[in-house]
Visitor: 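A single structure is presented below for examination.
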Amino acid sequence: MQEQPVIIIGAGPSGLATAASLNLHSIPYIILEREDCFASLWKKYAYDRLHLHLHKQFCQLPHLPFPHSYPRFISKQQFVSYLDDYVSHFKITPLYCRCVELAVFDEITKEWTVKVRNLGSGEVEEFRGRFLVVASGEATDPYTPEIEGLKSFPGDVLHSTQFKNGKAFRDKNVLVVGSGNSGMEISMDLANHGAKTSIVVRSPVHILSREMVYLGLNLLKYIPLNMVDWLMVMLSKLVYRELSKYGLSRPKEGPFFMKVADGKYPVLDVGTYSKIRSREIQVLPAILSVKGNEVVFENAESHAFDTIVFCTGFKRSTHIWLKGDDYLLNDDGIPKPSFPNHWKGKNGLYCVGLSRRGLYGAGFDARNIADDIKSLLK
């Protein structure tokens, strides 16, 4: 058994930000990570052309700015390099290949006990600490929906975490399922590499440029959200005009309202929309079923495909291993308390990076958690 004041679960950007913030207060901690590296989503499971969708000022982690030479919108490779420097600078040393099986609060000792499976040795290890920080992230376990007949599909079925680039798909019929930012970018990458690309868009979407979002985030400091949303929709209509011609529609709610209320990001257009307008990318409605290589859609049309790429997001598994918490996290691993009080639970339980506010939100959480723990250790 190992014991430290703080146990951090997860060595993604959220866990690293928390570790750095604790380091500045000289508070000892253990950081547990189920993968064999930190920031595994970025290092192992992100597609090649990925860039941070927001301006760099909204994406840097606490206590270490990005290099001045970095562009406004940072590539995956640049962000990974920054994280390497971050871990080195703050001397963060996660314990890797530790899969959490149980985290429970002991009412007698007033400590958290965390049991993990060492994926290298197969042994169960135990850690104890006064404070527990859930930093396992919004993107924990890749999710692929159940679709009637999908097992009969003879081609490749991928999740976005398995997609790197479109080079291998030239002249193939590829269906992308999911119209978030990953789905839209992967569709464009496929089209750029000569794939015959279609994308399933089930719900209305806001399409904004990066510059619009940058303007909106800055305006939110000074004017109400509903006014910023109104301006964003007007700018979107001016630039992208009528979406319905291309099988798309806009939601009734504004883009920033939807981000706060449901965690749903607007689509930040990096060129996909022009390919939709030129019909290089075909927009299709929801899938009804799969029959061999034929996919049947809710408009009764069917099309044949060679590959299906699911950009359908992630599920969280916190509810499986975190026991005794009925206050902080819901069954989907998202905080129950509203922002800005979402990061602190009871009995020394905290969460970081789960407020659906991206890297900026993770930094906000990490600072607050470290400051709060410092005040309780006095």
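Excluded from the calculations below are hydrogen atoms, water molecules and symmetry mates; all remaining heavy atoms, backbone and side chain alike, are included.
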Visitor: Can Leu50 be reached from Val267 by stepping across I, L, V, M, F, W or Y side chains whose heavy atoms are under 4.5 Å apart?
Guide: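 Cluster IDs for Val267 and Leu50 match.
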Visitor: Leu102: which other cluster members, linking ILVMFWY side chains closer than 4.5 Å, directly or transitively?
Guide: Val104
Visitor: Quick one about Tyr246 and Gln282 (side-chain donor to acceptor, distance below 3.5 Å, no hydrogens or angles considered), yes or no?
Guide: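 Looking only at side-chain atoms, Tyr246 and Gln282 do not form any donor-acceptor pair under 3.5 Å.
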Visitor: Within the 3.5 Å criterion, strictly below it, is a donor on His55 or Glu211 matched to an acceptor on the partner's side chain?
Guide: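 There is no such pair between these side chains.
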Visitor: Remaining members of Val270's ILVMFWY cluster at a side-chain heavy-atom cut-off under 4.5 Å?
Guide: Met188
Visitor: Not counting sequence neighbours, list each pair that qualifies as a side chain to side chain donor-acceptor pair (under 3.5 Å) and has a residue in residues 300-313.
Guide: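 As it turns out, the side chain to side chain donor-acceptor pair (under 3.5 Å) pairs with a partner in residues 300-313, which skip direct neighbours, are Glu294-Ser302, Glu301-His303.
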Visitor: Does Leu54 belong to the same Ile/Leu/Val/Met/Phe/Trp/Tyr cluster as Phe257, with side-chain heavy atoms less than 4.5 Å apart forming each link?
Guide: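 Yes; tracing contacts between hydrophobic side chains, which count when under 4.5 Å, links both residues.
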Visitor: Once ring-ring contact (aromatic ring centres under 6.0 Å, His included) is applied, do any residues pair with Tyr86, and if so which ones, sequence neighbours excluded?
Guide: Tyr82, Phe90
Visitor: Apply salt bridge (charged side-chain N to carboxylate O under 4.0 Å, His left out) to Glu126 and list each qualifying residue two or more places apart in sequence or on a separate chain.
Guide: Arg128
Visitor: Do His159 and Phe314 have their ring centres less than 6.0 Å from each other?
Guide: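 Yes - the distance between ring centres of His159 and Phe314 falls below the 6.0 Å cut-off.
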Visitor: Take Phe79 and Leu359 through the side-chain contact (heavy atoms from CB on, under 4.5 Å) test and state the conclusion after the steps.
Guide: CA-CA 12 Å; Phe79 189 59; Leu359 294 166; 3.7 Å; yes
Visitor: List for me each residue that meets side chain to side chain contact (heavy atoms under 4.5 Å, CB included) alongside Ser81, sequence neighbours excluded, and say none if there are none.
Guide: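 Result, side chain to side chain contact (heavy atoms under 4.5 Å, CB included) vs Ser81: Tyr70, Asp85.
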